Asker: 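Take a look at the following structure, please.
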Amino acid sequence: MQFFNLHTHTFSNQPDVLELVNQYPHEFEASIPFYSIGIHPLFVDNIQLENDFQIVNEKLALPECLALGECGLDKRSETSFDLQCSIFEKQLVLAEKHHKPVVIHIVGGFQELIEIKKRLKISVPMIVHGYSKKVELAKQLIDNGFYVSFGRNLLRNPELESVFKSIPNDRFFLETDTIDEGIQEVYALAAKYKGLKLGELQEIVNKNYKTVFDLRLLINDF
């Protein structure tokens, strides 16, 4: 595997890229080879919520489902924050049941996120995707056992260079989310910021992949 894209909404089918494609239970596409699946806090449908939980539970049991997510907390959502927390916690129980890592969407609820992880004693890896905040918060996340993923904002906001450089090499991933640029461009900028050759950065991400997803997929197959 030359490139790992932790979070994308588009399957590009590139032979040198392993893509963790985000899927929603009510819009599931079976042809995608590897994916994450979860109930997003911005798209909660109370009518089909129980059915969504059932689908998430069923897919997490499959080897091609590499992670739960994206799921999490978003204080912009029309769904009450208490209900968001309840839905998120129920999904984390499923992640623990199936021993799958979690790709987290989080807006304005970082302290609640940390509290939930501690209270539920979550043991599976938890990755905050699309990080765009300050160094201090990143350190707090790292200190509480989270991984941090960078993509869109790393490309768009030069101020994130210092934040990204502060992340330990064994605690980050890279992604594209919904941007038009490829994961190769994210890797190139990340290598520049870290002062590494591309191959060195690839080795770091591959090692992190093995640590987090080692029970889900053999990296040497790619």
Side-chain angles (χ1 to χ4, degrees), residues 1-24 27 29 31-38 40 63-72 100-106 125-133 138 141-142 146-214 216-222:
M1 179 176 70
Q2 296 185 41
F3 301 95
F4 174 55
N5 190 344
L6 177 96
H7 180 73
T8 179
H9 291 257
T10 304
F11 177 52
S12 65
N13 197 25
Q14 301 174 74
D16 59 345
V17 181
L18 174 57
E19 296 172 310
L20 187 54
V21 181
N22 185 81
Q23 296 237 48
Y24 301 116
E27 297 177 350
E29 175 52 64
S31 65
I32 294 174
F34 300 108
Y35 57 87
S36 63
I37 189 167
H40 194 292
E64 57 267 29
C65 181
L66 302 187
L68 169 71
E70 60 183 306
C71 60
K100 297 291 174 78
V102 185
V103 177
I104 298 169
H105 169 99
I106 182 76
M126 301 179 74
I127 309 124
V128 173
H129 101 83
Y131 192 77
S132 64
K133 304 299 181 182
L141 290 169
I142 296 298
F146 290 87
Y147 290 78
V148 186
S149 182
F150 294 81
R152 173 203 298 267
N153 296 297
L154 194 68
L155 293 179
R156 303 286 191 264
N157 182 5
E159 293 182 3
L160 271 183
E161 177 180 356
S162 60
V163 180
F164 179 67
K165 289 168 70 173
S166 76
I167 304 297
N169 284 350
D170 62 348
R171 301 298 284 279
F172 75 84
F173 286 97
L174 301 171
E175 62 178 71
T176 58
D177 199 358
T178 60
I179 60 176
D180 292 331
E181 292 93 338
I183 191 64
Q184 296 87 347
E185 293 175 70
V186 181
Y187 266 69
L189 184 60
K192 176 184 175 182
Y193 282 170
K194 284 283 189 176
L196 300 168
K197 295 179 180 178
L198 178 60
E200 293 172 329
L201 182 77
Q202 288 172 320
E203 289 182 8
I204 289 170
V205 176
N206 286 0
K207 184 176 181 180
N208 294 344
Y209 173 88
K210 288 182 178 180
T211 300
V212 172
F213 298 92
D214 62 345
R216 265 58 63 181
L217 187 69
L218 291 176
I219 196 170
N220 291 331
D221 289 346
F222 284 82

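What you see is a predicted model, and the numbers here were worked out from it, not measured in a lab.
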Asker: How many angstroms lie between OG in S36 and CG in L20, if you round to the nearest 0.5 Å?
Answerer: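 Going from OG on S36 over to CG on L20, the span is 4.5 Å.
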Asker: Carefully, step by step, assess L66 and Y209 under the rule side chain to side chain contact (heavy atoms under 4.5 Å, CB included).
Answerer: CA-CA 11 Å; L66 302 187; Y209 173 88; 4.1 Å; yes
Asker: Would N22 and V103 count as a side chain to side chain contact (heavy atoms under 4.5 Å, CB included) here? Give the steps.
Answerer: CA-CA 9 Å; N22 185 81; V103 177; over 6 Å; no
Asker: CD1 of I204 to CD of E200: how many Å apart, nearest 0.5 Å?
Answerer: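 So the CD1 of I204 and the CD of E200 are separated by 7.5 Å.
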Asker: For the CD atom of E19 and the CG atom of N13, what is their distance to the nearest 0.5 Å?
Answerer: 7.5 Å
Asker: Nearest 0.5 Å please: distance from the OG atom of S166 over to the CG atom of L160.
Answerer: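 The distance works out to 10.0 Å.
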Asker: Rounded to the nearest 0.5 Å, what's the gap from CD1 on I127 to CZ on F213? Could you check?
Answerer: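 One finds 4.5 Å between CD1 of I127 and CZ of F213.
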Asker: Report yes if the distance between the aromatic ring centroids of F164 and F172 is under 6.0 Å, otherwise no.
Answerer: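 Aromatic pair counts; centres sit under 6.0 Å.
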Asker: Determine whether F4 and I183 make a side-chain contact, defined as any pair of heavy atoms from C-beta on separated by less than 4.5 Å.
Answerer: no
Asker: Verify, without hydrogens or angle tests, whether E29 (side chain) and Q23 (backbone) share a donor-acceptor contact under 3.5 angstrom.
Answerer: no
Asker: Heavy-atom distance under 4.5 Å between the side chains of R156 and I179, does that happen here?
Answerer: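 R156 vs I179: side chains touch.
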Asker: Calculate, to the nearest 0.5 Å, the distance between atoms OH and CG belonging to Y187 and N5 respectively.
Answerer: 8.0 Å
Asker: Of all heavy-atom pairs between I142 and F146, which one has the smallest distance, and what is that distance?
Answerer: CD1-O, 3.5 Å
Asker: Checking the side chain of Q14 only, and the main-chain atoms of D16 only, is there a donor and an acceptor separated by less than 3.5 Å?
Answerer: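 Not at all, since once roles are kept as given, no pair shorter than 3.5 Å links the two residues.
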Asker: Do Q184 and Q2 have side-chain heavy atoms sitting under 4.5 Å apart?
Answerer: no
Asker: Run the side chain to side chain contact (heavy atoms under 4.5 Å, CB included) check on E70 and Y24 step by step: do they pass?
Answerer: CA-CA 9 Å; E70 60 183 306; Y24 301 116; 4.0 Å; yes
Asker: Within a strict 4.5 Å, meaning less than it, do heavy atoms of the R152 and H7 side chains meet?
Answerer: no
Asker: So do the side chains of V148 and V163 get within less than 4.5 Å of each other, counting heavy atoms only?
Answerer: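 Not in contact.
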Asker: Specify the closest pair of heavy atoms between H129 and D177, including all atoms of both residues, with the distance to one decimal.
Answerer: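 It is CE1-OD2, 3.4 Å.
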Asker: Do we see a donor-acceptor contact under 3.5 Å between the side chains of N169 and K194?
Answerer: yes
Asker: Has the side chain of Y131 got a donor or acceptor atom that lies under 3.5 Å from a matching backbone atom of A138?
Answerer: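 Checking the backbone N and O of A138 against the side chain of Y131, a donor-acceptor pair under 3.5 Å is found.
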Asker: Just so I know, are the side chains of F3 and Q202 near enough to count as touching, which here means a heavy-atom distance under 4.5 Å?
Answerer: yes
Asker: From the options T8, V17, L6, T10, select the one residue that forms a side chain to side chain contact (heavy atoms under 4.5 Å, CB included) with T176.
Answerer: T8
Asker: Heavy atoms, side chains only, cut-off 4.5 Å: are N157 and S132 in contact?
Answerer: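 Sidechains of S132 and N157: no contact.
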